[in-house]
> 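There's a structure below that I have some questions on.
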Amino acid sequence: MSTTCTPQLLFGELKVGDRLPALRHQVTATTVVLGALASRDWRPMHHDKEFAVNRNGTPDIFINTPNNAAWFERYITDWTGPLGRLGRLSFQMKTPVFPGDEMLFGAEIKALSTDDAGCHWADLELSISVDGQPRTVGKARVAIPGEPSDNPWSRKGARWKP
Amino acid sequence: MSAADTLPDAVRNMIDTPLYEERTEFPIEIGYVYNTCAAVENGNPLYWDEELARTLVGKRIAPPTMLSVWFRPHYWAPGASGERKALQAHFDLKDLLGLPEAVVASNEASFGEPVAMGDVLTTCQIVRSVGPFKKTRLGTGRFWTVDVRTTNQNGDWVGTESYTFLGYGRPEQ
(Lines give C-alpha, C1' and ligand atoms only; values in the text may rest on other atoms or scores of the structure.)
Protein backbone atom coordinates (compact mmCIF):
# COMPACT_ATOMS: atom_id res chain seq x y z
CA MET A 1 0.00 0.00 0.00
CA SER A 2 1.54 3.34 -0.96
CA THR A 3 0.68 6.48 0.90
CA THR A 4 -1.31 9.47 -0.24
CA CYS A 5 -0.17 11.30 2.90
CA THR A 6 2.79 13.69 2.51
CA PRO A 7 5.51 12.56 4.94
CA GLN A 8 6.32 15.08 7.65
CA LEU A 9 9.85 13.67 7.84
CA LEU A 10 12.05 11.65 5.47
CA PHE A 11 14.90 9.38 6.58
CA GLY A 12 17.43 11.16 4.35
CA GLU A 13 16.85 14.45 6.20
CA LEU A 14 18.04 13.01 9.53
CA LYS A 15 21.50 13.02 11.12
CA VAL A 16 22.89 11.22 14.15
CA GLY A 17 23.01 13.76 16.96
CA ASP A 18 19.91 15.64 15.80
CA ARG A 19 17.61 16.55 18.68
CA LEU A 20 13.83 16.38 18.59
CA PRO A 21 11.94 19.58 19.43
CA ALA A 22 11.37 19.85 23.19
CA LEU A 23 7.89 19.38 24.63
CA ARG A 24 6.77 20.76 27.99
CA HIS A 25 3.65 19.70 29.91
CA GLN A 26 2.47 20.84 33.34
CA VAL A 27 1.22 17.81 35.29
CA THR A 28 -1.88 18.05 37.47
CA ALA A 29 -3.79 15.42 39.45
CA THR A 30 -6.14 15.32 36.45
CA THR A 31 -3.22 14.44 34.13
CA VAL A 32 -2.35 11.47 36.36
CA VAL A 33 -5.93 10.23 36.85
CA LEU A 34 -6.91 10.69 33.18
CA GLY A 35 -3.88 8.69 32.08
CA ALA A 36 -4.48 5.91 34.61
CA LEU A 37 -8.16 5.50 33.75
CA ALA A 38 -7.57 5.72 29.98
CA SER A 39 -5.11 2.85 30.35
CA ARG A 40 -7.58 0.90 32.55
CA ASP A 41 -5.13 0.97 35.45
CA TRP A 42 -7.28 1.05 38.56
CA ARG A 43 -4.44 0.69 41.10
CA PRO A 44 -4.97 3.26 43.87
CA MET A 45 -1.50 4.84 43.80
CA HIS A 46 -2.56 6.50 40.55
CA HIS A 47 -5.72 8.14 41.92
CA ASP A 48 -5.70 7.97 45.75
CA LYS A 49 -3.14 10.27 47.37
CA GLU A 50 -3.57 8.76 50.86
CA PHE A 51 -2.78 5.29 49.49
CA ALA A 52 0.22 6.59 47.52
CA VAL A 53 1.65 8.32 50.59
CA ASN A 54 0.92 5.66 53.19
CA ARG A 55 1.48 2.47 51.17
CA ASN A 56 3.94 3.46 48.45
CA GLY A 57 5.86 6.00 50.50
CA THR A 58 5.64 8.56 47.69
CA PRO A 59 4.67 12.22 48.21
CA ASP A 60 1.60 12.03 45.93
CA ILE A 61 -0.14 9.99 43.21
CA PHE A 62 2.09 9.48 40.18
CA ILE A 63 1.94 8.81 36.43
CA ASN A 64 1.53 5.10 35.64
CA THR A 65 3.68 3.02 33.29
CA PRO A 66 1.34 2.67 30.26
CA ASN A 67 0.54 6.37 30.38
CA ASN A 68 4.27 7.15 30.45
CA ALA A 69 4.56 5.02 27.29
CA ALA A 70 1.65 6.90 25.69
CA TRP A 71 3.38 10.22 26.44
CA PHE A 72 6.59 9.02 24.77
CA GLU A 73 4.66 7.74 21.75
CA ARG A 74 2.87 11.08 21.38
CA TYR A 75 6.21 12.91 21.65
CA ILE A 76 7.82 10.74 18.95
CA THR A 77 4.92 10.86 16.49
CA ASP A 78 4.52 14.63 16.96
CA TRP A 79 7.97 14.64 15.31
CA THR A 80 7.54 11.92 12.68
CA GLY A 81 3.92 12.54 11.70
CA PRO A 82 1.46 9.68 11.05
CA LEU A 83 3.87 7.74 8.81
CA GLY A 84 6.30 7.17 11.69
CA ARG A 85 5.79 3.63 13.03
CA LEU A 86 7.08 2.70 16.47
CA GLY A 87 8.98 -0.60 16.53
CA ARG A 88 10.40 -0.64 20.05
CA LEU A 89 10.14 1.38 23.23
CA SER A 90 11.87 0.85 26.58
CA PHE A 91 12.16 3.10 29.59
CA GLN A 92 13.03 3.24 33.27
CA MET A 93 11.07 5.44 35.65
CA LYS A 94 13.86 6.50 38.00
CA THR A 95 11.69 8.87 40.01
CA PRO A 96 7.92 9.15 39.59
CA VAL A 97 6.27 12.20 38.01
CA PHE A 98 3.81 13.88 40.38
CA PRO A 99 1.13 16.59 40.16
CA GLY A 100 2.87 19.99 40.22
CA ASP A 101 5.80 18.76 38.11
CA GLU A 102 6.47 20.23 34.67
CA MET A 103 7.61 17.44 32.35
CA LEU A 104 10.24 18.39 29.78
CA PHE A 105 10.54 15.81 26.99
CA GLY A 106 13.80 15.54 25.07
CA ALA A 107 15.31 13.09 22.58
CA GLU A 108 18.39 12.65 20.44
CA ILE A 109 18.98 10.46 17.38
CA LYS A 110 21.66 7.94 18.41
CA ALA A 111 21.70 5.78 15.26
CA LEU A 112 20.25 5.61 11.75
CA SER A 113 20.07 2.35 9.83
CA THR A 114 18.32 0.47 7.03
CA ASP A 115 17.56 -3.21 7.55
CA ASP A 116 17.77 -5.98 4.94
CA ALA A 117 14.05 -5.58 4.20
CA GLY A 118 14.67 -1.94 3.24
CA CYS A 119 13.02 -0.44 6.33
CA HIS A 120 14.64 2.79 7.58
CA TRP A 121 15.10 3.12 11.34
CA ALA A 122 15.95 5.93 13.74
CA ASP A 123 17.13 4.90 17.22
CA LEU A 124 16.37 7.55 19.79
CA GLU A 125 17.46 8.23 23.35
CA LEU A 126 14.57 9.71 25.33
CA SER A 127 14.12 11.56 28.58
CA ILE A 128 11.51 13.22 30.74
CA SER A 129 13.09 15.74 33.08
CA VAL A 130 11.63 17.82 35.88
CA ASP A 131 13.57 20.88 37.10
CA GLY A 132 16.60 19.67 35.15
CA GLN A 133 16.63 16.20 36.74
CA PRO A 134 15.89 13.13 34.55
CA ARG A 135 12.85 11.32 35.99
CA THR A 136 12.35 8.80 33.15
CA VAL A 137 14.94 7.75 30.58
CA GLY A 138 14.42 5.44 27.65
CA LYS A 139 15.06 4.35 24.09
CA ALA A 140 12.89 4.02 21.03
CA ARG A 141 13.24 2.58 17.54
CA VAL A 142 10.97 4.15 14.99
CA ALA A 143 10.53 3.45 11.26
CA ILE A 144 10.69 6.56 9.05
CA PRO A 145 9.72 6.76 5.34
CA GLY A 146 12.68 6.78 2.95
CA GLU A 147 10.78 8.60 0.21
CA PRO A 148 7.30 10.08 -0.22
CA SER A 149 5.83 6.79 -1.48
CA ASP A 150 7.34 4.70 1.36
CA ASN A 151 4.81 3.66 4.00
CA PRO A 152 6.22 1.81 7.04
CA TRP A 153 2.67 0.77 8.00
CA SER A 154 2.47 -1.41 4.87
CA ARG A 155 5.19 -3.71 6.23
CA LYS A 156 4.15 -7.13 7.51
CA GLY A 157 5.77 -10.42 8.52
CA ALA A 158 9.40 -10.70 7.36
CA ARG A 159 9.32 -7.11 6.04
CA TRP A 160 8.77 -5.77 9.60
CA LYS A 161 11.74 -6.43 11.92
CA PRO A 162 11.55 -4.09 14.90
CA MET B 1 23.93 -16.18 47.10
CA SER B 2 22.77 -16.24 50.74
CA ALA B 3 20.22 -18.72 52.15
CA ALA B 4 17.71 -15.88 52.20
CA ASP B 5 18.16 -15.52 48.43
CA THR B 6 17.04 -19.10 47.72
CA LEU B 7 13.80 -19.10 45.79
CA PRO B 8 10.80 -21.16 46.91
CA ASP B 9 10.08 -24.16 44.63
CA ALA B 10 6.77 -22.62 43.57
CA VAL B 11 8.65 -19.58 42.26
CA ARG B 12 11.39 -21.59 40.53
CA ASN B 13 8.71 -23.64 38.77
CA MET B 14 7.14 -20.47 37.36
CA ILE B 15 10.30 -19.35 35.54
CA ASP B 16 10.18 -19.74 31.72
CA THR B 17 6.75 -21.43 31.89
CA PRO B 18 3.94 -19.82 29.85
CA LEU B 19 1.18 -18.91 32.32
CA TYR B 20 -2.31 -17.40 32.30
CA GLU B 21 -3.17 -17.53 28.60
CA GLU B 22 -6.13 -15.20 28.28
CA ARG B 23 -8.20 -13.34 25.71
CA THR B 24 -9.30 -9.75 25.79
CA GLU B 25 -12.64 -9.30 27.60
CA PHE B 26 -14.02 -7.23 24.70
CA PRO B 27 -13.08 -6.64 21.06
CA ILE B 28 -10.69 -3.72 20.54
CA GLU B 29 -12.69 -0.49 20.33
CA ILE B 30 -12.12 3.14 19.39
CA GLY B 31 -13.44 4.67 22.65
CA TYR B 32 -10.34 3.74 24.60
CA VAL B 33 -8.15 4.97 21.74
CA TYR B 34 -9.79 8.40 22.01
CA ASN B 35 -9.42 8.37 25.83
CA THR B 36 -5.73 7.49 25.57
CA CYS B 37 -4.99 10.10 22.91
CA ALA B 38 -6.93 12.73 24.87
CA ALA B 39 -5.04 11.92 28.10
CA VAL B 40 -1.71 12.76 26.45
CA GLU B 41 -3.01 15.31 23.92
CA ASN B 42 -1.92 13.06 21.04
CA GLY B 43 -3.24 14.69 17.85
CA ASN B 44 -1.79 12.06 15.47
CA PRO B 45 -4.43 12.02 12.68
CA LEU B 46 -3.88 8.28 12.25
CA TYR B 47 -6.06 7.81 15.34
CA TRP B 48 -8.61 10.58 14.74
CA ASP B 49 -9.13 10.50 10.94
CA GLU B 50 -10.75 7.26 9.82
CA GLU B 51 -10.14 7.91 6.13
CA LEU B 52 -6.42 8.54 6.69
CA ALA B 53 -6.13 5.36 8.78
CA ARG B 54 -7.76 3.32 6.02
CA THR B 55 -5.45 4.91 3.44
CA LEU B 56 -2.23 4.32 5.38
CA VAL B 57 -2.94 1.05 7.19
CA GLY B 58 -6.07 -0.33 5.52
CA LYS B 59 -7.98 -0.26 8.82
CA ARG B 60 -8.47 1.78 11.99
CA ILE B 61 -5.79 0.93 14.50
CA ALA B 62 -4.81 1.67 18.11
CA PRO B 63 -1.53 3.32 19.17
CA PRO B 64 1.04 0.51 19.62
CA THR B 65 1.78 1.53 23.22
CA MET B 66 -1.82 0.68 24.17
CA LEU B 67 -0.96 -3.04 24.06
CA SER B 68 -1.32 -3.60 27.81
CA VAL B 69 -4.53 -1.56 28.02
CA TRP B 70 -6.58 -4.30 26.40
CA PHE B 71 -5.71 -6.89 29.05
CA ARG B 72 -6.58 -5.05 32.23
CA PRO B 73 -9.78 -6.54 33.65
CA HIS B 74 -12.80 -4.37 34.39
CA TYR B 75 -12.60 -3.02 37.95
CA TRP B 76 -15.80 -4.92 38.68
CA ALA B 77 -17.83 -7.51 36.79
CA PRO B 78 -20.99 -9.47 37.65
CA GLY B 79 -20.16 -12.58 39.64
CA ALA B 80 -16.54 -11.62 40.22
CA SER B 81 -15.26 -11.53 43.79
CA GLY B 82 -12.23 -9.77 45.19
CA GLU B 83 -9.95 -7.39 43.40
CA ARG B 84 -9.42 -8.31 39.72
CA LYS B 85 -5.77 -7.93 38.70
CA ALA B 86 -3.87 -7.75 35.43
CA LEU B 87 -0.50 -9.51 35.20
CA GLN B 88 -1.43 -12.23 37.68
CA ALA B 89 2.04 -13.82 37.51
CA HIS B 90 3.46 -10.66 39.07
CA PHE B 91 0.94 -10.73 41.92
CA ASP B 92 1.66 -14.45 42.45
CA LEU B 93 5.35 -13.57 42.88
CA LYS B 94 4.53 -10.85 45.41
CA ASP B 95 2.52 -13.36 47.48
CA LEU B 96 4.96 -16.25 47.15
CA LEU B 97 7.96 -14.06 48.02
CA GLY B 98 6.19 -12.21 50.85
CA LEU B 99 6.87 -8.80 49.33
CA PRO B 100 3.72 -6.73 49.77
CA GLU B 101 4.64 -3.63 47.75
CA ALA B 102 5.83 -3.35 44.17
CA VAL B 103 6.66 -0.75 41.54
CA VAL B 104 7.53 -1.08 37.85
CA ALA B 105 11.28 -0.46 37.53
CA SER B 106 11.49 -0.69 33.74
CA ASN B 107 9.33 -1.49 30.79
CA GLU B 108 10.34 -2.68 27.31
CA ALA B 109 8.06 -3.39 24.37
CA SER B 110 8.36 -4.41 20.74
CA PHE B 111 5.45 -4.00 18.37
CA GLY B 112 4.35 -6.18 15.45
CA GLU B 113 1.15 -6.29 13.43
CA PRO B 114 -0.94 -3.21 14.35
CA VAL B 115 -3.91 -3.78 16.69
CA ALA B 116 -7.11 -2.99 14.76
CA MET B 117 -10.65 -2.20 15.84
CA GLY B 118 -12.60 -5.44 16.35
CA ASP B 119 -9.48 -7.56 16.98
CA VAL B 120 -9.57 -10.17 19.75
CA LEU B 121 -6.14 -10.57 21.33
CA THR B 122 -4.58 -13.39 23.36
CA THR B 123 -1.66 -13.13 25.79
CA CYS B 124 0.44 -15.37 27.91
CA GLN B 125 2.73 -14.35 30.80
CA ILE B 126 6.24 -15.74 31.21
CA VAL B 127 8.38 -15.08 34.29
CA ARG B 128 11.90 -14.63 32.89
CA SER B 129 13.94 -14.05 36.05
CA VAL B 130 13.78 -13.36 39.81
CA GLY B 131 16.83 -11.68 41.32
CA PRO B 132 18.47 -11.85 44.77
CA PHE B 133 17.53 -9.58 47.69
CA LYS B 134 18.67 -5.98 47.29
CA LYS B 135 18.49 -2.91 49.51
CA THR B 136 16.78 -0.02 47.69
CA ARG B 137 15.59 3.47 48.51
CA LEU B 138 12.04 2.11 48.95
CA GLY B 139 12.93 -0.94 51.05
CA THR B 140 14.56 -4.36 50.77
CA GLY B 141 13.25 -6.54 47.97
CA ARG B 142 13.85 -8.36 44.72
CA PHE B 143 13.67 -7.43 41.04
CA TRP B 144 11.76 -9.75 38.71
CA THR B 145 10.95 -9.68 34.99
CA VAL B 146 7.70 -10.87 33.39
CA ASP B 147 7.16 -11.00 29.59
CA VAL B 148 3.69 -10.65 28.11
CA ARG B 149 3.44 -11.96 24.52
CA THR B 150 0.38 -10.98 22.51
CA THR B 151 -1.13 -12.39 19.31
CA ASN B 152 -4.32 -11.53 17.40
CA GLN B 153 -7.21 -13.71 16.24
CA ASN B 154 -5.22 -14.67 13.12
CA GLY B 155 -2.24 -15.84 15.16
CA ASP B 156 -0.16 -12.82 14.09
CA TRP B 157 2.33 -11.54 16.66
CA VAL B 158 1.25 -8.04 17.69
CA GLY B 159 3.77 -7.35 20.42
CA THR B 160 5.72 -8.37 23.49
CA GLU B 161 6.01 -6.33 26.65
CA SER B 162 8.64 -7.05 29.24
CA TYR B 163 8.14 -5.61 32.74
CA THR B 164 10.81 -5.50 35.42
CA PHE B 165 9.34 -4.97 38.88
CA LEU B 166 10.83 -4.21 42.25
CA GLY B 167 8.85 -6.10 44.90
CA TYR B 168 9.69 -4.89 48.40
CA GLY B 169 8.67 -4.53 52.01
CA ARG B 170 8.77 -1.08 53.54
CA PRO B 171 11.15 -0.89 56.53
CA GLU B 172 8.29 -1.12 59.07
CA GLN B 173 6.64 -4.10 57.31
Side-chain angles (χ1 to χ4, degrees), chain A residues 1-5 23 25 30-43 45 55-58 62 64-75 77-78 80-96 137-139 141 151-154 156-157 160 162, chain B residues 32-47 49 52-53 55-58 61 63-76 83-86 100-114 137-139 156-157 159 161-164 168 170-171:
Chain A
M1 182 183 305
S2 67
T3 171
T4 56
C5 170
L23 169 70
H25 188 85
T30 302
T31 314
V32 176
V33 175
L34 266 180
L37 298 189
S39 54
R40 300 172 52 80
D41 186 344
W42 327 117
R43 299 286 295 160
M45 62 283 258
R55 289 288 301 277
N56 288 93
T58 54
F62 53 93
N64 67 325
T65 302
N67 188 233
N68 203 325
W71 274 107
F72 273 137
E73 181 173 359
R74 175 253 160 122
Y75 178 55
T77 57
D78 275 2
T80 63
L83 283 161
R85 179 176 174 186
L86 197 57
R88 283 182 178 269
L89 176 68
S90 64
F91 56 90
Q92 298 86 45
M93 295 179 291
K94 293 175 172 299
T95 304
V137 295
K139 293 178 179 176
R141 185 165 169 76
N151 176 5
W153 291 104
S154 68
K156 287 177 179 291
W160 178 247
Chain B
Y32 275 105
V33 172
Y34 290 143
N35 283 346
T36 294
C37 289
V40 297
E41 301 178 13
N42 183 350
N44 188 340
L46 189 54
Y47 308 119
D49 180 339
L52 180 76
T55 301
L56 292 187
V57 194
I61 61 167
T65 57
M66 287 187 71
L67 205 50
S68 68
V69 171
W70 311 114
F71 288 93
R72 293 202 174 78
H74 301 309
Y75 184 73
W76 176 91
E83 187 183 359
R84 309 183 73 228
K85 294 168 178 164
E101 311 300 340
V103 291
V104 177
S106 68
N107 175 63
E108 184 171 354
S110 52
F111 307 109
E113 178 67 15
R137 190 167 45 84
L138 291 171
D156 299 322
W157 169 71
E161 292 194 289
S162 183
Y163 293 92
T164 298
Y168 64 98
R170 296 182 66 191

> Given the options B/Val104, B/Asn35, B/Val69, which has more heavy-atom pairs under 4.5 Å with chain A than any of the others?
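The answer is B/Val69.
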> Under 4.5 Å between any side-chain heavy atoms of B/Trp157 and B/Glu113, yes or no?
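Result no, sub-4.5 Å side-chain heavy-atom pair not found.
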> Tell me, side chain or backbone of B/Leu67 under 4.5 Å from chain A's heavy atoms, or both, or neither?
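Neither; nothing under 4.5 Å.
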> When only pairs under 4.5 Å are counted, which of B/Ser68, B/Pro114, B/Gly43, B/Gly139 shares the most heavy-atom pairs with chain A?
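That would be B/Pro114.
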> Please check: side-chain N/O of A/Trp160 versus main-chain N/O of B/Phe111, any donor-acceptor pairing under 3.5 Å?
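Side chain of A/Trp160 to backbone of B/Phe111: a pair is present.
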> With no hydrogens and no angle check, do the side chains of A/Gln92 and B/Ser106 hold a donor and an acceptor under 3.5 Å apart?
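No pair is found: no donor N or O on one side chain lies under 3.5 Å from an acceptor on the other.
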> How far apart are the closest heavy atoms of A/Phe91 and A/Thr65, and which atoms are they?
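Here A/Phe91 and A/Thr65 meet closest at CZ-O, 3.5 Å.
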> Flag the pair B/Val40 / A/Tyr75 as yes when at least one side-chain heavy-atom distance between them is below 4.5 Å, and no otherwise.
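They are not in side-chain contact.
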> Tell me, side chain or backbone of B/Ala109 under 4.5 Å from chain A's heavy atoms, or both, or neither?
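It is both, since atoms from each part get that close.
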> Select one option (side chain, backbone, both, neither) describing which atoms of A/Asn67 are under 4.5 Å from chain B's heavy atoms.
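Its backbone and side chain both get close to chain B.
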> Tell me, side chain or backbone of B/Asn107 under 4.5 Å from chain A's heavy atoms, or both, or neither?
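B/Asn107 touches chain A through backbone and side-chain heavy atoms alike.
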> Decide whether B/Glu161 and B/Tyr163 meet the rule of one side-chain donor and one side-chain acceptor closer than 3.5 Å.
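A pair is found: one side chain offers a donor N or O, the other an acceptor, under 3.5 Å apart.
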> If you count heavy-atom pairs under 4.5 Å between each of A/Glu73, A/Arg88, A/Arg85, A/His25 and chain B, which one has the most?
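That would be A/Glu73.
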> Can you see which heavy atom on A/Gly84 is nearest to which on A/Thr77, and at what distance?
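Nearest heavy atoms, A/Gly84 then A/Thr77: O-CG2, 4.3 Å.
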> Non-hydrogen atoms of chain B under 4.5 Å away: do they reach the side chain of A/Lys94, the backbone, both or neither?
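The backbone, not the side chain.
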> Measure B/Tyr47 against the heavy atoms of chain A and call it side chain, backbone, both or neither at under 4.5 Å.
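B/Tyr47 touches chain A through side-chain heavy atoms alone.
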> At a heavy-atom separation under 4.5 Å, does B/Val33 approach chain A through its side chain, its backbone, both, or neither?
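Contact with chain A involves no heavy atom of B/Val33 at all.
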> Can you name the nearest heavy-atom pair linking A/Gly87 to A/Pro162, along with the distance?
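So the minimum-distance heavy-atom pair works out to O-CB, 3.4 Å.
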> Where on B/Trp70 is there a heavy atom nearer than 4.5 Å to chain A: the side chain, the backbone, both, or neither?
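Neither part.
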> A/Asn68 versus chain B, heavy atoms under 4.5 Å apart: side chain, backbone, both or neither?
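Neither part.
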